[in-house]
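Reviewing the structure listed below.
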Amino acid sequence: MTDPVRVRFAPSPTGFLHVGGVRTALFNWLYARHYGGQFILRIEDTDASRSTEESIEEILASMKWLGLNWDEGPHRQTKRQALYREKVDQLLSEEKAYPCFCTPEELDKKREEAQAKGLKPKYDGTCRNRSGATPEGAASVVRFKAPQEGTVTVRDLLRGNVVFQNEELDDFIILRTDGTPTYNFVVVVDDGDMGITHVIRGDDHLSNSPKQALLYDGLDIPRPEFAHISMILGSDKTRLSKRHGATSALAYRDMGYLPDALVNYLARLGWSHGDQEIFTRKEMIEYFSLESVTTSAAVFNPEKLQWLNQQYIQNTPPVDLARHLAPILVKEGILPEGHGLSLEEIAKPIPSLNQRAETLVEMAQKSAFYFKTELEFDEKARSKFLTAEIKPHLEKIASGLSEINVLEHDSVETLFKQVAEEAGLKLGKVAQPVRVALTGSTTSPGIYDVVLLLGKDTTLKRLSEMIGFIKSRG
RNA sequence: GGCCCCAUCGUCUAGGGGUUAGGACGCCGGCCUCUCACGCCGGUAACAGGGGUUCGAAUCCCCUUGGGGCUACCA
């Protein structure tokens, strides 16, 4: 019987949650859900100068928006200081760590000198070998006493055994002058204390693993399994950053992406299941395994994300989509704040728009003709299509529509075809002016759908306004 | 610089000794059509280079090259 899986996502709150972090969170989440284990959220806020409450809020909001629900936490490292102190003391008393009185200035100097001589810029061990009385009142840090020879082997589920020479490592700091512990130390203490069984994290941590492995051994904590997933790169194959466009999870929400689309996209970066591109969460959870995760870095491709988003927009039930669309309609100024419309009402135009939008922002903009009472006209389109020649046909459409009791797709279509035929015009010659009159634009859903969506009253009102406009223009 | 990781179309990937090297995004054609789209059909395009191992390497090994990461009193 194996232990139940316990994995964690441990972001540092020094900024927004970026898509690389989301992918790490996602892989952990999928792993936990696949094995029926626990997914723990831990905030790594040991760097007091860079951590902010706003970042924590944004991380939590991002996780919620993405639907990456956690079973435990969020734990805050700042609230666990006593435990870290206890573990530092343990190492100190076992002489596996020692106080160091070297100042940052001295260390910088030594580092520079070593580099100038072409030597490794590692701690020279001055205080490791120090004997005699401790300097009175001098500030000190605590360093871990790392082995100076031999090797550490880190077992990685994705990469096999990775061997590091101990001489590459140095006596790294585990407790700062101000008494706060450093990253490499707290991860180990926390992962041990929280019973983490699998550490799934970014590739950038692989080089930290030997230090942490040594710490596990020093603290007599069994090592967890490690799996270092590759990183996400920008189009120029450098580390993904703002230069490459949006990297914050919530920015994608604001640009009109669906959380399911982002999750699906990120899952397929480094993971695959045959030729399948689109997965429900259930399928992802069922199929996910580390065996099907790739180890090479992946380039973030916005076009494919957009395509996936489009797929999700097409296939999400209108009312569900409306929930995500509503705030965007307000943000785009298409609906006023406090509009009071129900999701069902907002969902109305979605069936005619979900084949023509790649993002919800785009969908919102294209739905303006439906939601706004005052149409905004594309001036060029209006002068091109709404001419004196077309006026009689518009009038015929208007009177034809007013005679139909209940508007239906077929009856509207019949009317339009009839008017066009009698005028000896192609359907488009009639439909396009009507489109501009009803939507203000040359592009819109099918013209019959537009008529049905607007309803008889609004349609007739807009047609007569347009007829008036043509008259007034002479 | 040192150490570590990685390497199939432009991008994400399938493929793990014998394949016409498959799919997806993008791009380019065509069809459909009341606009814009959707959809459908077709096309373009890859095993980084060099050595081995083997009857046979995209696949296994080594080197080179390229990319990434780490090398902090950041995480």
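Keep in mind that what you see is a predicted model, and the values were worked out from it rather than measured. A, B, ... follow the sequence lines: proteins, then strands. Residue 1 opens every chain.
Across all strands shown, B:rG69 is found opposite B:rC3 as a Watson-Crick or G-U wobble partner, with both distances under 3.5 Å. Taking a pair to require two hydrogen-bonding distances under 3.5 Å in either a Watson-Crick or a G-U wobble arrangement, B:rG18 pairs with B:rC55. Under the Watson-Crick and G-U wobble criteria, each requiring two contacts below 3.5 Å, nucleotide B:rA45 is left unpaired. Using Watson-Crick or G-U wobble geometry with both donor-acceptor distances under 3.5 Å, B:rG39 finds its partner in B:rC31. In this structure, B:rA24 forms a base pair with B:rU11, meeting either the Watson-Crick or the G-U wobble geometry with both donor-acceptor distances under 3.5 Å.
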Expected list for residues 413-421 of chain A: side-chain donor-acceptor pairs under 3.5 angstrom, two or more places apart:
from	atom 1	to	atom 2	distance (Å)
A:E413	OE2	A:K417	NZ	2.8
A:T414	OG1	A:D410	O	2.7

Atom pairs and distances, side-chain donor-acceptor, residues 163-170 of chain A, under 3.5 Å, sequence neighbours left out:
from	atom 1	to	atom 2	distance (Å)
A:N166	ND2	A:E149	O	2.8
A:D170	OD2	A:Y123	N	2.8

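Looking at the side chain of A:L233, the nearest of the listed nucleotides B:rA75, B:rG22, B:rG67 is B:rG67. Distances were taken from every side-chain heavy atom of A:V299 (C-beta onward) to each of B:rU11, B:rC5, B:rU13; the shortest belongs to B:rU11. For A:K304, counting side-chain heavy atoms from C-beta on, the closest listed nucleotide (B:rC3, B:rC5, B:rG23) is B:rG23. Considering only the side chain of A:D275, B:rG22 comes nearest among B:rU11, B:rG22, B:rC34.
Rounded to whole Å, atom P of B:rC5 lies 11 Å from atom CG of A:N161. When the C1' atom of B:rC36 is taken as reference, atom CZ of A:F369 falls 12 Å away, rounded to whole Å. Whole-Å rounding puts the A:I232 CD1 to B:rU11 P distance at 16 Å. Atom CG of A:N309 is separated from atom P of B:rC25 by 15 Å (rounded to the nearest Å).
Dashed line: the shortest gap from a side-chain N or O of A:T46 to OP1 or OP2 of B:rA75 is under 4.0 Å. When the side-chain nitrogen and oxygen atoms of A:K237 are compared with OP1 and OP2 of B:rU11, one or more of them lie within a distance under 4.0 Å.
For B:rG22 and B:rC34, the P atoms lie 38 Å apart once the distance is rounded to whole Å. Comparing the P positions of B:rC36 and B:rU44 gives an interatomic distance of 28 Å, to the nearest angstrom. Atom name P, nucleotides B:rG16 and B:rA21: the rounded distance is 14 Å, in whole Å. Nucleotides B:rC61 and B:rU54 are separated by 12 Å at their C1' atoms, to the nearest Å. For the P atoms, the distance linking B:rA48 with B:rC55 amounts to 25 Å, nearest Å. Of the C1' atoms belonging to B:rU13 and B:rU8, the separation is 9 Å, rounded to the nearest Å. Comparing the C1' positions of B:rG39 and B:rU33 gives a spacing of 11 Å, expressed to the nearest Å. For the P atom pair drawn from B:rU59 and B:rC9, the interatomic distance equals 14 Å after rounding to whole Å.
Across all strands shown, A:E277 has heavy atoms under 4.0 Å from base atoms, whether or not it also approaches the sugar-phosphate. Residue contacts for A:S51: at a heavy-atom cut-off of 4.0 Å it reaches no nucleic acid atom on any strand shown. Here A:T442 lies in heavy-atom contact (under 4.0 Å) with a base. Residue-level contact check: A:V162 touches the backbone only, with heavy atoms under 4.0 Å from sugar-phosphate atoms and none from bases. At a threshold of 4.0 angstrom between heavy atoms, the contacts of A:F164 are confined to the sugar-phosphate backbone, with no base atom among them. Within 4.0 Å of A:T14, counting heavy atoms only, lies no atom of the nucleic acid at all.
Taking the six-membered ring where the residue is Trp, A:Y84 and A:F185 present perpendicular rings, their angle passing 60° and hence far from 30°. Ring planes of A:W271 and A:F279: tilted class, angle from 30 to 60°.
A:E44 pairs by the side-chain contact (heavy atoms from CB on, under 4.5 Å) definition with A:A10, A:S12, A:R42, A:Q77, A:Y183, A:V187, not counting sequence neighbours. Taking the salt bridge (charged side-chain N to carboxylate O under 4.0 Å, His left out) definition, one finds that A:R382 meets it with A:E379, sequence neighbours left out. Taking A:S49 as the reference, A:D47 meet the side-chain contact (heavy atoms from CB on, under 4.5 Å) condition, with sequence neighbours excluded. Under the salt bridge (charged side-chain N to carboxylate O under 4.0 Å, His left out) criterion, A:K396 pairs with A:E422, sequence neighbours left out. Scored by the side-chain hydrogen bond (donor to acceptor under 3.5 Å, both in side chains) test, A:N315 finds no partners at all (sequence neighbours excluded).
Using a cut-off of 4.0 Å between Lys/Arg side-chain N and Asp/Glu carboxylate O, A:R76 and A:E53 are scored as salt-bridged. Between A:D204 and A:R239 there is a salt bridge, since a side-chain N of the basic residue sits under 4.0 Å from a carboxylate O of the acidic one. Salt bridge annotation for A:R80-A:D193: present, with a cationic side-chain nitrogen under 4.0 angstrom from a carboxylate oxygen. Contact check on A:R159 versus A:D203 returns a salt bridge, with a Lys/Arg side-chain nitrogen under 4.0 Å from an Asp/Glu carboxylate oxygen. The pair A:E105-A:K109 fails the salt-bridge criterion, with no side-chain N (NZ, NE, NH1 or NH2) lying under 4.0 Å from an Asp/Glu carboxylate O.
Mapping A:K429 and A:A298 onto RNA chain B by nearest heavy atom places A:A298 closer to the 5' end of the strand. When each of A:G274 and A:P445 is assigned the nucleotide of RNA chain B with its nearest heavy atom, A:G274 is the one assigned upstream, toward the 5' end.
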Could you go over nucleotides 38-41 of chain B and give all protein N or O partners under 3.5 Å, atom names and distances?
from	atom 1	to	atom 2	distance (Å)
B:rC38	O4'	A:Q355	O	3.3
B:rC38	O3'	A:Q314	NE2	3.2
B:rC38	O2'	A:Q355	OE1	2.4

Can you check nucleotides 70-72 of chain B for protein contacts, nitrogen or oxygen pairs under 3.5 Å, and list what you find?
from	atom 1	to	atom 2	distance (Å)
B:rC70	OP1	A:R239	NH1	3.4

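Defined by atom type and a distance below 3.5 Å, a donor-acceptor pair is missing between the side-chain atoms of A:T182 and A:N184. No donor-acceptor contact under 3.5 angstrom links the side chains of A:N28 and A:H198, judged on distance only. Between the side chains of A:R223 and A:S209, no donor-acceptor pair of N or O atoms lies under 3.5 Å. Neither side chain, A:K384 nor A:T442, offers a donor N or O lying under 3.5 Å from an acceptor on the other.
Side-chain to base pairing of A:T295 with B:rC6: no donor and acceptor N or O lie closer than 3.5 Å to each other.
Within residues 149-158 of chain A, no residue has any heavy atom closer than 4.0 Å to RNA chain B. Sorted by residue number, the members of residues 181-192 of chain A with any non-hydrogen atom under 4.0 Å from RNA chain B read A:T182, A:Y183. For RNA chain B, the residues of residues 256-273 of chain A within the heavy-atom distance limit of 4.0 Å (strictly under) are A:R268, A:L269, A:G270, A:S272, sorted by number.
Residue A:Y448 holds its OH atom at 15.0 Å from CD of A:E408, rounded to the nearest 0.5 Å.
A:Y257 has its ring centre no less than 6.0 Å from the ring centre of A:Y312.
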